[in-house]
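Computed over heavy atoms, backbone and side chain alike; hydrogens, waters and symmetry mates excluded. Predicted, not measured: the structure shown is a model, and the values here were computed from it.
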Amino acid sequence: MTAPIRFPRFFVTSPAPCPYLPGRQERKVFTELKGAHADQLNEALGRIGFRRSQTVAYRPSCLDCQACVSVRVVAGEFRPSNTQKRDIKRNSDLIATECRPWATDEQFELLARYLGERHPDGGMSQMDELDYADMVEHTPVTTNVVEYREPDADGNPGALVGACLTDRQGDGLSMIYSFYDPKHPTRAGLGNYIILDHIRRAAEQGLPYVYLGYWVDGSPRMQYKVRYRPLERLTREGWQVMDAEEQNRLIAKAIAQRKAGDKDVAAGRGKDGQPLRFPSSE
């Protein structure tokens with residue numbers, strides 16, 4: 001029998017500029033994750049659209065906008081597209097290792113290169129080593145860092161080219177934050193491969209879902225999430241599979257934006273899962 005969970009206290013942040021959609025304001029509702037039942041609480045909140053940042057679970061609670069939509073991939077039914085198959089083939093030699101949530105200098109150096117190239121104006125661009133250590137190590141739930149390394153000449157784990165902070169829940173894997181070498185000279189699709197590998201891991205472990213966080217229609221940086229099928233999104237009626245025709249349209253739109261080099265993409269706006277600053281809940 002599952003132990004009862006004490007109903008948490010929730011708090012609401014003051015409005016602030018939205019990191020995803022220019023000209024809009026965001027507001028978040030949040031609660032602390034602590035105590036013996038933090039895993040159960042985190043999982044229950046994840047099913048209704050919350051995300052974890054360190055010891056806090058949060059979700060958007062904007063007064064005049066519902067653009068942020070929680071999405072998850074149905075791992076057991078996933079079938080890769082031709083592009084995704086190519087990403088798998090290109091990177092299948094990588095050695096993936098689940099590590100305890102402990103920050104390393106090597107991880108931080110990779111993160112800094114990633115942020116400098118992909119999110120130079122984002123909220124994480126000024127992170128230092130201590131900020132990164134807080135993001136990884138301050139966790140009250142079951143989590144790990146999955147490292148992706150190239151094999152050396154002897155086939156042993158070598159250079160770090162990607163990593164993902166991942167929570168394990170009873171119903172799936174929640175990808176909190178991933179990063180990778182943004183200018184690798186020979187590897188393409190590293191970001192996609194990390195997601196694809198998590199989908200494979202979930203399916204092999206009998207976990208039904210991979211939680212990708214928030215999809216934000218109108219924010220080009222978040223459109224990559226619509227490329228994974230079947231994709232479920234959280235609605236007022238609960239989790240529902242995205243209609244195939246709608247998903248086709250959204251994928252085509254995302255590809256067109258990428259080719260056009262949208263200004264929002266160039267500015268590096270928006271990626272969820274980043275460390276957040278919340279007012280004290282004491």
Open item on the list: Show, in sequence, the C-alpha distance, side-chain angles and deciding distance for Val216 and Leu21, and conclude whether the side-chain contact (heavy atoms from CB on, under 4.5 Å) test is met.
Closed with: CA-CA 9 Å; Val216 186; Leu21 301 175; 4.1 Å; yes
Open item on the list: Could you go through Gln247 and Arg227, starting from their C-alpha distance and side-chain angles, then the distance that decides it, and tell me whether this counts as side-chain contact (heavy atoms from CB on, under 4.5 Å)?
Closed with: CA-CA 8 Å; Gln247 195 165 1; Arg227 298 189 180 195; over 6 Å; no
Open item on the list: Can you list everything that forms a salt bridge (Lys or Arg N to Asp or Glu O under 4.0 Å) with Asp181? Sequence neighbours excluded, please.
Closed with: none
Open item on the list: Would you say that Arg118 contacts Pro182 through its side chain, given a criterion of any heavy-atom pair below 4.5 Å between the two side chains?
Closed with: yes
Open item on the list: If the condition is side chain to side chain donor-acceptor pair (under 3.5 Å), which residues does Arg149 pass it with, not counting sequence neighbours?
Closed with: Glu106, Glu147
Task: ILVMFWY network linking Tyr224 to Val73, side-chain heavy atoms under 4.5 angstrom - done: yes
- [ ] List in chain and number order the residues that pass side chain to side chain donor-acceptor pair (under 3.5 Å) with Arg229, two or more places apart in sequence or in another chain; answer none if no residue qualifies.
- [x] Asn248
Open item on the list: Please report the interatomic distance CG(Asn42) to OG1(Thr142), rounded to the nearest 0.5 Å.
Closed with: 9.0 Å
Open item on the list: According to salt bridge (Lys or Arg N to Asp or Glu O under 4.0 Å), who are the partners of Lys253, at least two apart in sequence or on a separate chain?
Closed with: Asp217
- [ ] Give the minimum heavy-atom separation between Thr139 and Val136, together with the two atoms involved.
- [x] CG2-O, 3.8 Å
TODO: Could you note down all residue pairs passing salt bridge (Lys or Arg N to Asp or Glu O under 4.0 Å) where residues 91-101 supplies at least one of them, sequence neighbours left out?
DONE: Asp93-Arg187, Glu98-Arg201
Task: Under 3.5 Å donor-acceptor, Asn91 side chain and Ala188 backbone - done: yes
Open item on the list: Hydrophobic clusters here meaning ILVMFWY residues chained together by side-chain heavy-atom distances under 4.5 Å, can you tell me if Met242 and Leu234 are in one?
Closed with: no
TODO: Step through the shown structure and confirm whether more than 12 heavy atoms of other residues, nucleotides or ligands are within 6.0 Å of CD on Glu246.
DONE: yes
Task: Short side-chain donor-acceptor distance under 3.5 Å, Tyr148 and Asp197 - done: yes
TODO: Using modelled atom types only, decide if a donor and an acceptor are shared between the side chain of Tyr214 and the backbone of Gly49 within a distance under 3.5 Å.
DONE: yes
- [ ] Could you name each residue pair satisfying salt bridge (Lys or Arg N to Asp or Glu O under 4.0 Å) that touches residues 58-73, not counting sequence neighbours?
- [x] Arg72-Glu232
- [ ] Please tell me if the side chains of Asp39 and Leu41 come closer than 4.5 Å, counting only heavy atoms from C-beta onward.
- [x] no
Open item on the list: Among residues at least two apart in sequence or on other chains, which ones pass salt bridge (Lys or Arg N to Asp or Glu O under 4.0 Å) with Glu237?
Closed with: none
TODO: Classify the side-chain pair His184/Glu150 by whether it contains a donor and acceptor separated by less than 3.5 Å.
DONE: yes
Task: Closest heavy-atom pair and its distance - Val210, Met175 - done: CG1-SD, 3.8 Å
Open item on the list: If the condition is ring-ring contact (aromatic ring centres under 6.0 Å, His included), which residues does Phe50 pass it with, not counting sequence neighbours?
Closed with: Phe10
TODO: Would you please classify the geometry between the Phe179 ring and the Tyr114 ring as parallel, tilted or perpendicular, with 30° and 60° separating the classes?
DONE: tilted
Task: Interatomic spacing from CD in Gln66 to OG in Ser61 - rounded to 0.5 Å - done: 9.5 Å
Open item on the list: Using side-chain heavy atoms (C-beta onward) and a distance below 4.5 Å, is Leu110 in contact with Tyr180?
Closed with: no
Task: Nearest heavy atoms of Ser92 and Lys89, plus distance in Å - done: OG-O, 3.3 Å
Task: Donor-acceptor contact below 3.5 Å, side chain Glu137 vs main chain Ala103 - done: yes
Open item on the list: Using 0.5 Å steps for rounding, measure from the CG atom of Leu160 to the CG atom of Leu111.
Closed with: 10.5 Å
Open item on the list: Using side-chain heavy atoms (C-beta onward) and a distance below 4.5 Å, is Val12 in contact with Arg27?
Closed with: yes
- [ ] Decide yes or no on side-chain contact (heavy atoms from CB on, under 4.5 Å) for Val56 and Leu33, but give the supporting numbers first.
- [x] CA-CA 5 Å; Val56 165; Leu33 296 170; over 6 Å; no
Open item on the list: Tell me the closest heavy-atom pair linking Lys225 and Leu231, and the distance in Å.
Closed with: O-CD2, 3.5 Å
Open item on the list: Hydrophobic clustering (ILVMFWY, side-chain heavy atoms < 4.5 Å, transitive) - are Phe108 and Val161 grouped together?
Closed with: yes
- [ ] Quick one: do Glu117 and Arg113 satisfy salt bridge (Lys or Arg N to Asp or Glu O under 4.0 Å)? Show the steps, please.
- [x] CA-CA 6 Å; Glu117 178 68 22; Arg113 295 201 305 273; over 6 Å; no
Open item on the list: How about CD on Glu204, more than 12 heavy atoms from neighbouring residues, nucleotides or ligands closer than 6.0 Å, or not?
Closed with: yes
Task: Atom pair OG1/NE2 of Thr143 and His138 - distance to nearest 0.5 Å - done: 13.5 Å
Task: Side-chain heavy-atom pair Cys65, Arg24 within 4.5 angstrom cut-off - done: yes
- [ ] Could you go through the side-chain contact (heavy atoms from CB on, under 4.5 Å) check for Leu212 and Ile195 one step at a time?
- [x] CA-CA 9 Å; Leu212 299 182; Ile195 296 175; 4.0 Å; yes
Open item on the list: If hydrophobic clusters are built by linking Ile, Leu, Val, Met, Phe, Trp and Tyr wherever their side-chain heavy atoms come under 4.5 Å apart, do Leu207 and Val71 end up in the same one?
Closed with: no
TODO: Determine the minimum heavy-atom distance between Ser219 and Gln223, stating which atoms define it.
DONE: O-NE2, 2.9 Å
Task: Distance in Å, Gln205 CD paired with Arg200 CZ, rounded so as to fall on 0.5 Å steps - done: 9.0 Å
TODO: Mind listing the closest non-hydrogen atom pair of Ile194 and Ser178 along with its distance?
DONE: CG2-CB, 4.2 Å
Task: Nearest-0.5 Å distance, NZ of residue Lys85 to CZ of residue Arg79 - done: 10.0 Å
- [ ] Kindly write out the residues that satisfy side chain to side chain donor-acceptor pair (under 3.5 Å) with Glu77, not counting sequence neighbours, or none if the list is empty.
- [x] none
Open item on the list: Is any side-chain heavy atom of Glu26 closer than 4.5 Å to one of Pro60?
Closed with: no
- [ ] Determine which pairs satisfy salt bridge (Lys or Arg N to Asp or Glu O under 4.0 Å) with at least one residue from residues 151-169, sequence neighbours left out, and list them in order.
- [x] Arg52-Asp167
TODO: Identify whether Tyr193 and Leu173 are in the same connected component of the hydrophobic contact network (ILVMFWY, side-chain heavy atoms under 4.5 Å).
DONE: no
Open item on the list: I want to check something: taking the side chain as every heavy atom from C-beta on, are Cys164 and Tyr177 in contact at a cut-off of under 4.5 Å?
Closed with: no
Open item on the list: Going by the rule side chain to side chain donor-acceptor pair (under 3.5 Å), which residues pair with Arg86 if we only count those two or more places apart in sequence or in a different chain?
Closed with: Thr83
Open item on the list: In the structure I gave you, are the side-chain heavy atoms of Glu109 and Thr104 within less than 4.5 Å of one another anywhere?
Closed with: no
TODO: Can you run down the ring pair (Phe, Tyr, Trp, His ring centres under 6.0 Å) pairs that involve residues 228-247, sequence neighbours left out, and say none if there aren't any?
DONE: Tyr211-Trp239
